[in-house]
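What follows is a single structure, written as structure tokens, with notes after it.
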Amino acid sequence: MSNLEDLKADVTRLLSEAKDAQAVEQIRIRFLGRKGVIAEHFSRMGDLSPEERRATGAALNDLKICCEKKIKEAADRFASGRSRGDAIDVTLPGRPAHAGLTHPINETLRDICQTFRLAGFDVADGPEIETDWYNFEALNVPADHPARDMHDTFYVKMEEDGGRREKAGEYLLRTHTSPVQIHVMEKQKPPVRIIAPGRVYRRDDDPTHSPVFHQVEGLWVEEGVTLRDLKGLLEYFLKMLFGESVRARFRPSFFPFTEPSLEVDMSCVICGGEDHSAHCRTCKATGWLEVLGAGMVHPNVFRAAGHNPSKVTGLAFGMGVERMAMIRYGIDDIRLFFENDVRFLSQLSGGT
Ligand code: DAH
């Protein structure tokens, strides 16, 4: 009998030392197998007296059941990976902790702002819910301008405090950051040098347009500011953001709030410009990428903001941040920036 107690202790000890499911199986075969230790004890019972046989048989049965239970438990532990050996292997390298990354739009926005800060510009902001006056009227956008079309602009119904009067058509989500020009000029006498980064809204949604996107507006108002300053400033900016080899091209254009108005192109960063552009998809084989709208502040804009247009001149410009980021990172679908797939974002963001 004491022999059987020893056997039980042996099984318990061996199982606690087992390193894997295979070792447990070995123990099972050794004790419970057809030719195993317990089977052998059963086979030797023929030599015993009937009383001894009954007692030993019962004890052996108990031992067998107990061993089966212990072995099954050990096997289950390995099967579910909860065994001590599997759960904590202190020799394995730790799991890396993922630090947060700056979103590529924020990174681009930050670099744009930094470039202008170095040139002496302050950062200004304005409301995203604007009035028709600031978004259009004060910027010399005539009432029949296509930008006012319901297709482009999200109008907002506002309940005015107290009166609870809804003024439809008066309020809107700003369609550009240009209204910040007016807010700033109302508050600040020249010289004014500001950039205004922020969200803007348009009823647009396709691979290169999102209903919410970001712009950076620029305004420099001072006596004697000229178109030459505008060209120099924007050329400096493009070289800072995209590298020294980038060239800028200025084309005459039209914006209601500037006169003259320019559209600014930069040499294609993918193919390097005109001579190599034959198959370039990014610049559509033109060698140039349109990146900014700009111009000299229109006299009517100065008047709307309470300035005398015969006393000051000013330059203004505006750009889309997503467009800059798409060029910078070689992305052809703007929606990738808003889906927030970490696999996409972590490929682009360098810093934290
Ligand atoms: N507000 C224009 C737009 O959203 C961009 C722009 C063009 C801003 C010319 C300016 C400017 O300040 O001078 O398309």
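Both ligands and their constituent atoms are indexed starting at 1 by order of listing. The shown structure was predicted, so the numbers you read here are calculated from the model rather than taken from an experiment.
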Q: Could you check whether the rings of Tyr134 and His183 sit parallel, tilted or perpendicular, using 30° and 60° as the cut-offs?
A: parallel

Q. Do the ring planes of Trp220 and Phe121 sit parallel (below 30°), tilted (30 to 60°) or perpendicular (above 60°)?
A. perpendicular

**Q.** Phe250/Leu227 under side chain to side chain contact (heavy atoms under 4.5 Å, CB included): CA gap, chis, key distance, verdict
**A.** CA-CA 11 Å; Phe250 299 84; Leu227 196 66; over 6 Å; no

Q.
Tell me which residues fall inside the under-4.0 Å heavy-atom shell around ligand 1.
A. His176, Ser178, Gln181, Arg202, Gln215, Glu217, Phe255, Phe257, Thr258, Gly293, Ala294, Gly295, Ala316, Phe317, Gly318

Q. For residues 30-42, which residue pairs qualify under side chain to side chain donor-acceptor pair (under 3.5 Å), counting only residues two or more places apart or in two chains?
A. Glu40-Arg44

Q: Run the salt-bridge test on Glu339 and Arg335 with the 4.0 Å N-O cut-off and return the result as yes or no.
A: no

**Q.** Residues Asp265, Arg247: salt bridge by 4.0 Å N-O rule
**A.** no

